[in-house]
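Since the structure comes first, as structure tokens, the remarks are kept for the end.
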2 protein chains.
Amino acid sequence: MELKTLKTFQAIVNTGSFNRAAEELNYAQSTITMQIQKLEAELGMSLLERGKQQVSLTEAGRLLYEQSLRIVKDMELLESRLGELTAGEAGNLRLGATDPTASYRLPALLREFMTMHPGIDISVDIGSTPALTERLLKGELDMILCSVPEMGKGLHYEPLFTEKFVLLLPEDHPLAAEPQVTASQLREHRLLITAAGCPYRKKLESVLQESAGPPLNTMEIGSMSALKYYVQSGLGMALVPESTLTPLPIGTIGKRLQDGPVDMSCGIACRTADYPLQLAALSLYQFLKSELAEQPNVQTVNY
Amino acid sequence: MELKTLKTFQAIVNTGSFNRAAEELNYAQSTITMQIQKLEAELGMSLLERGKQQVSLTEAGRLLYEQSLRIVKDMELLESRLGELTAGEAGNLRLGATDPTASYRLPALLREFMTMHPGIDISVDIGSTPALTERLLKGELDMILCSVPEMGKGLHYEPLFTEKFVLLLPEDHPLAAEPQVTASQLREHRLLITAAGCPYRKKLESVLQESAGPPLNTMEIGSMSALKYYVQSGLGMALVPESTLTPLPIGTIGKRLQDGPVDMSCGIACRTADYPLQLAALSLYQFLKSELAEQPNVQTVNY
DNA sequence: GCTATGATTCAATTATGTTGAACTGTAAGG
DNA sequence: CCTTACAGTTCAACATAATTGAATCATAGC
């Protein structure tokens, strides 16, 4: 099976006629016949039902048509990407990320990437998952790192890693001495949490509610990164992403919850509309994916 | 760019040598050289760095290699599927589904599919989303229809439609007279719900909690399909999937909630490991997708 | 220097794709 | 019933492109 044969076949299906396909592809009519005959002989089955007025697909033909569409399209995409390479890989990429990822994981990664690809300019926006998703769909961002987005909106999403939450305590906190801390014990002490918009807050609340009812004694702090300074000052305890704790702030202790481990999935998303990405975007996508992915690949979700 | 050229190129990269590639593909050494030269000329860039001891890839070569892998694999898969077609499409498919989908949407669809494909045997299992997901991953199921599964487990998932929930009331229920019913009003009456395991129950609870706090007056009924009979008997009201209400049971009234529309996404999943599906599975997958999808659905892409 | 290895060049050969012109079969119009 | 128009097929001739062996070049290891 040659590629040009597939293209010819597709042209026949699209135009519904050998003649028009020949015209479209600048072939003689007979060439079309020959190509299809050769293809049918090779596969040992007929692909096109030659009706009086127009051709129609057999079962096999339909299968071939549908599957070959993708192959031909991939091929064209590959060619265009190779073209972009000669033109010098360049572009502006607008990346979005949720906060702990943006502050703790991205900086080093982006430095590495931008050294490897000096032609690519990158900007980073920070926001909540729903806000980022919306901006991505509006076309204001090209790619976002976030937790599982809302569904059904033309998004391509792939989970990359899981952010584990650790209970951060002042050294002199009553719970610091306990060998094991469970979710139910959290109700008895002041818990520092982020403002309501943050996706972490939402997840955190739902997990806490499941295992121990809503926490009673809370204090809202504006940002995730500020939380640990409040813990350090002894104002209370907080559940914070493990990744933000290297190094552990002086005077604090990190503890994993025993019963209800709190964690949330984090992944990468872009618009399905342009999912077969342009070269610059593809490079960044693959780079982030390979650097951030925890497990040998994973799950694809198309919304 | 011809397919055989790509295969040759891949063989060189895999073996690290023009000679070994020639051997592997039963070509003369010179043929390999010519093919690559032609390819490089066509693309106007060099793909392979001819080192003293072994060849290495240029930037463009790496791109070509990675992308072409998929194209060649897709091509081979297509050929094998066409082969299966001649051999007579057949197989046993084990499908899983969550309850309202399995009971209300699937029967007619499966009858149609099985008439079209008499060689394919299908079994249907019913369960909760997490249970189905687990069985899918264990290899006990081939494909499942469910709500958004837990992430990061080697699943391929595509959302298909949204199940809207409608408040079903006995005709003589106090709320039946109200022109508009809001989520907060639900607290004042007995709400029939399914057992805790059911994914619908979970979603339902979380939505109700968001908008109106936990419902106080509930009654648990074993299955989704039983719910409406209890409503019919005047035991209380229930939020049930809209799809289960054709026809509306006699003596009941369906109302959409005004403030918090309750709905949940439903999609199709299979293992990523064998995502490029065998023919029988592919047929069913595409059939279910096209029959159940609400929105113009986007094609799945794997990198 | 010599030999083994791996890649390239080139003219000769082979295979393959392409084409026009003639041919078949069908549908529509008088 | 014949004609015209259209669609696809056949086939021999032609054009193009792929493949090859033998010779050549370049390098690494001895």
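Computation of the quantities below employed the complete heavy-atom set of this structure, encompassing side-chain atoms and omitting hydrogens, waters and symmetry-equivalent molecules. In what follows, every chain begins at residue 1, and chains take the letters A, B, ... in the order their sequences are listed.
- Shown here are the side chain to side chain contact (heavy atoms under 4.5 Å, CB included) partners of A/N14, two or more places apart in sequence or in another chain: A/Q10, A/Y65.
- Across the protein-nucleic acid pair, A/E40 atom CD and D/dT10 atom C1' stand 15 Å apart, rounded to whole Å.
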Can I get a per-line list of side-chain donor-acceptor pairs under 3.5 Å for residues 108-116 of chain B, giving both atom names and the distance, sequence neighbours left out?
from, atom 1, to, atom 2, distance (Å)
B/T115, OG1, B/R111, O, 2.5

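- We find that CD of B/E23 is positioned 14 Å from P of D/dT20, with the value rounded to whole Å.
- Counting only distance, with no hydrogens or angles, the side chain of B/E42 and the backbone of B/M1 share a donor-acceptor pair below 3.5 Å.
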Show the distances under 3.5 angstrom between N or O atoms of the protein and N or O atoms of nucleotides 27-30 of chain D.
none

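- Between the CD1 atom of B/I36 and the P atom of D/dT19 there is a distance of 12 Å, given to the nearest Å.
- Among residues two or more places apart in sequence or in another chain, the salt bridge (Lys or Arg N to Asp or Glu O under 4.0 Å) test is passed with A/E84 by none.
- Checked against salt bridge (Lys or Arg N to Asp or Glu O under 4.0 Å), B/D274 has the following partners two or more places apart in sequence or in another chain: B/R271.
- With rounding to whole Å, B/M1 atom CE is found 18 Å from D/dA18 atom C1'.
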If you look only at distance, which donor and acceptor atoms sit under 3.5 Å apart when one is on a side chain in residues 19-36 of chain A and the other is two or more places apart or in another chain?
from, atom 1, to, atom 2, distance (Å)
A/R20, NE, A/T15, O, 3.1
A/R20, NH2, A/T15, O, 3.0
A/Q35, OE1, A/T8, OG1, 2.5

Nucleotide by nucleotide, nucleotides 7-20 of chain C touches protein heavy atoms under 4.0 Å in the pattern (B base, S sugar-phosphate only, - none) SBB-------SSBB
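- Residues passing the side chain to side chain contact (heavy atoms under 4.5 Å, CB included) test with A/T86 are B/M45, sequence neighbours excluded.
- In terms of the salt bridge (Lys or Arg N to Asp or Glu O under 4.0 Å) criterion, residue partners of B/E59 (sequence neighbours excluded) are, by chain and number, B/R62.
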